[in-house]
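Remarks on the structure that follows.
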There are 2 protein chains.
Amino acid sequence: MKKENITIYDIAKEANVSPATVSRVLTGNAKVRPQTMRKIVEVIEKYNFRPNSLARSLLYKQSKMIGFILPDINHPFFSTLVQKSEAHALELGYTSFLCNTMNSSENESKYLQSLIEKQVDGIIYLGGRINDTDTDEDYAEEMKNVMKRIPVVFVNGQMAGVDAHIVRTDEESGIIKLVELLINLNHKKIGFVGGLKGISSTEVKKSAFIKTIKSKGLEVKEEWVLDGGFNIESGEEVAAQLLYLRERPTAVVCVNDLVAIGVIKVLTKFGLQVPENISVVGFDDVYLAKYYPPGITTVSQNYDLLGQTAINILVDLINEKEAEKETVVPTSLVLRDSCKIYSE
Amino acid sequence: MKKENITIYDIAKEANVSPATVSRVLTGNAKVRPQTMRKIVEVIEKYNFRPNSLARSLLYKQSKMIGFILPDINHPFFSTLVQKSEAHALELGYTSFLCNTMNSSENESKYLQSLIEKQVDGIIYLGGRINDTDTDEDYAEEMKNVMKRIPVVFVNGQMAGVDAHIVRTDEESGIIKLVELLINLNHKKIGFVGGLKGISSTEVKKSAFIKTIKSKGLEVKEEWVLDGGFNIESGEEVAAQLLYLRERPTAVVCVNDLVAIGVIKVLTKFGLQVPENISVVGFDDVYLAKYYPPGITTVSQNYDLLGQTAINILVDLINEKEAEKETVVPTSLVLRDSCKIYSE
DNA sequence: CTGTTAGCGCGTTCAC
DNA sequence: GTGAACGCGCTAACAG
């Protein structure tokens, strides 16, 4: 089990210098005579020596690692966001630790503990309990405890009573853009489908939807507002419900692109063409949205900006600099072919 | 910058015991009087103390971390595989470090060094240079150096001259199943599209394709075998080429599902219905394959088994147990609606 | 059952 | 410009 590691002592001995000198060439923190330096570098390369970052972190009290907490890396929204964030973190000298909670609060707690033990310098919270509208007391307590020791940034989430730094997509204005688009396209019967009660993103979107519809003097039919979930299956189920309706909406806003895909799939299957017979729009601009026929009109999350901002704020916090308490990242409308002008 | 960490010394002092005793209750490696134990646990909870795993790893010479090297977490094949593998690793007590190389060999080298410095116990190589058919000398050398210190498992890849433990999907038999299916459906003009020359997966699949076609007494037309890449865009481009042909194949085997999606998209756009006018099959059984209309017939990679096997072998190597040098994971045909019987 | 001590690998004083 | 010594937080070994 015990690995025989090469250490600076071995290097020092072979190069006839002290470990301290080896350390100096490693860090570059002090001057070393070129000749000595050359010799040391030579030995280092000979043995392919790499300093043990564990030891270094122990000493510095800095691990140069950040933890990511997210529900599921398999969801394109998260995989894209993670990829962008991670790349930016790497540029800033941080490596990333991914924690897929698989929507289990238990896992979430375990991972949180694990990240603390691993001495990560900060945590990016992409999803999980920060998405619940009703904050669980115990979780909030746990979160506060974590935050006492480690800087945390919430992305698109929040917790009641937890005073965290937040970076969030402007979901409200995104939905408004979508609804206004549909209204401008002459739609008067518009539905909102997918998402779950109690998940903040759903609530934010839904109320933005209702507000906009009403402000335009249109009606929000209860049967056109259908809960579901966030994946393709949810969209399929919700579409089935849509089909049962005596009076169907002429356009549907979906909580995200995956739901939109599910909706389009089932609607099409049963003979309702999108956008000819019904318009459907999504949210997120997942890469699929572009490819799924007919191409889904949606709102882009601005992954790059969202990820970079989150990392920048976290790093500022790590370095004990001031940072914006709440940053709102704008969205942009992406026009594709899943909606069209409504005409009787 | 310096964080004031709570240590076992603080706990020990407060509980009027020695650090060693605190350590004993932490590890459970020795008996402690219940009364003492209770007191210690109490103090630990009071301060919400967590042991520093960096220090522990330094001592044990084991980090309980594994590194994953992969091209891009945003590709559903990798995100699924990672998710399955990671979950299994976690069950075995290992946490995972993801390294997205973004198809850059430079990043790959950097990450490799970083993983060594971080003292990961093992590395799972999901993709990157192990997918090249022509092995670069320097990379092979670097890899061998890494493997001298850390166990490595290659998933669906290999390097000439590098004697690694390998877990791989039986791509050959997968392709054979696909081609035989098409032939049984009466197709006589079959193409193979996507993938890149010099990438082993492509070469394996392509030669399995050619072999099978020939063994059935059919012809392999050169213009029906088109290189491309591995994403949806590649599929689109390749489909455009297909459209130019005077004589088109009646069925196309794609190097993977994403390419199949791109192909179907463009073909459909230009009026060729799938499967009515042309049959298209993919590979991987990415979750999209199920949803992308008309539902793509493909070969499933058996992600669970692939991931678990890789982790099991790696962990065996870490524990210096014997392990299979090469494990082949079977595939299974997934029938959906993107191909049908050919009739003149 | 419990305390003392040493050392994992490294970097940073402080002398020289 | 270089070396000796200490300490980061933890646990195993050895006494008691």
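Small disclaimer: the values here were computed from a predicted structure and weren't measured. A note on names: the letters A, B, ... follow the listed sequences, proteins ahead of strands, and every chain is numbered from 1.
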Proximal nucleotide (of dT2(D), dC10(C), dG9(D)) relative to the V32(A) side chain: dT2(D)

Nearest-angstrom distance from the residue atom CZ of R50(A) to P of dG11(C): 13 Å

At under 4.0 Å, does any side-chain N or O of N29(A) touch on OP1 or OP2 of dT12(C)? yes

Would you indicate what T7(A) reaches in the nucleic acid, counting non-hydrogen atoms under 4.0 angstrom: base, sugar-phosphate, or nothing? sugar-phosphate

Would you tell me whether N52(B) and E117(A) have side-chain atoms, one donor and one acceptor, within less than 3.5 Å of each other? no

Please confirm whether the ring centroid of F97(B) lies under 6.0 Å from the ring centroid of F97(A). yes

Here the distance between atom C1' of dG9(D) and atom OH of Y60(A), to the nearest Å, is 17 Å

Do we see a donor-acceptor contact under 3.5 Å between the side chains of K118(A) and T95(B)? yes

Residue pair H88(A) / D304(A), side-chain donor-acceptor N/O under 3.5 Å: no

Atom-to-atom span, CG of L58(A) to P of dC10(C) - whole angstrom: 12 Å

Taking every heavy atom of N156(A) against every heavy atom of T169(A), the minimum-distance pair comes out as OD1-N, 2.6 Å

Indicate, with a heavy-atom threshold strictly under 4.0 Å, whether S53(B) touches base, sugar-phosphate, or nothing. nothing

Closest of dG11(C), dC10(C), dT12(C) to the L26(A) side chain is dG11(C)

Regarding the side chain of S23(B), the nearest nucleotide among dT11(D), dT12(C), dC10(D) is dT11(D)

Separation of dG7(D) atom P from L54(A) atom CG, nearest Å, is 21 Å

Quick one: which protein N/O atoms are closer than 3.5 Å to N/O atoms of nucleotides 3-5 of chain C? Pair and distance per line, please.
residue : atom : partner : partner atom : Å
dG3(C)  : OP2  : S18(B)  : N            : 2.9
dG3(C)  : OP2  : S18(B)  : OG           : 3.3
dG3(C)  : OP2  : T21(B)  : OG1          : 2.7
dG3(C)  : N7   : R24(B)  : NH2          : 2.6
dG3(C)  : O6   : R24(B)  : NH1          : 3.3
dG3(C)  : O6   : R24(B)  : NH2          : 3.2

K84(A) to Y303(A) six-membered ring, cation-pi geometry met (6.0 Å, 45°): no

Considering only dT11(D), dC10(C), dG9(D), which nucleotide approaches the side chain of I8(B) most closely? dT11(D)

